[in-house]
**Q** 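There's a structure below that I have some questions on.
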Amino acid sequence: MSLLPPPGPARRLALMALVVCALSVAAAVVAFVEGSFVGVVWILMAGISSNMAWFYVRKAKTQRAGATG
């Protein structure tokens with residue numbers, strides 16, 4: 001069974017949120033390596049986008065379960 005929901009708007013939003021999460025983690029690493037504390041903001045953005053991804057995955061699974069039964 002796939003971890004991602006079936007193709008549709010929720011899947012696209014979940015994938016975009018995961019991309020934003022990965023990019024913000026990379027930006028945080030770069031910021032901390034350069035000695036900037038702006039990386040804290042990037043870490044917060046990674047947390048928010050990670051939660052958004054989980055939300056959309058669960059939302060799609062709930063909708064799929066409701067449609068089948």
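Atom set for the values below is all heavy atoms of this structure, side chains included, hydrogens, waters and symmetry mates excluded. What you are looking at is a predicted structure, and each value in this text was computed from that prediction instead of being measured.
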**Q** Say you draw a straight line from CH2 of W54 to CG of L18; how long is it, rounded to the nearest 0.5 Å?
**A**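 The CH2 atom of W54 sits 8.5 Å away from the CG atom of L18.
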**Q** Which residues, ordered by chain and number, are linked to V19 in its hydrophobic cluster, where ILVMFWY side chains connect at heavy-atom gaps below 4.5 Å, directly or through other members?
**A** L23
**Q** Only pairs under 3.5 Å count here: list side-chain donor-acceptor contacts from residues 27-47, not counting sequence neighbours, and write none if there are none.
**A**
| unit_1 | atom_1 | unit_2 | atom_2 | d |
| --- | --- | --- | --- | --- |
| S36 | OG | V38 | N | 3.1 |

**Q** Could you tell me the separation between the CG atom of L13 and the CZ atom of F55, rounded to the nearest 0.5 Å?
**A** 10.0 Å
**Q** Nearest 0.5 Å, what's the NZ-CE distance between K59 and M52?
**A** 11.0 Å
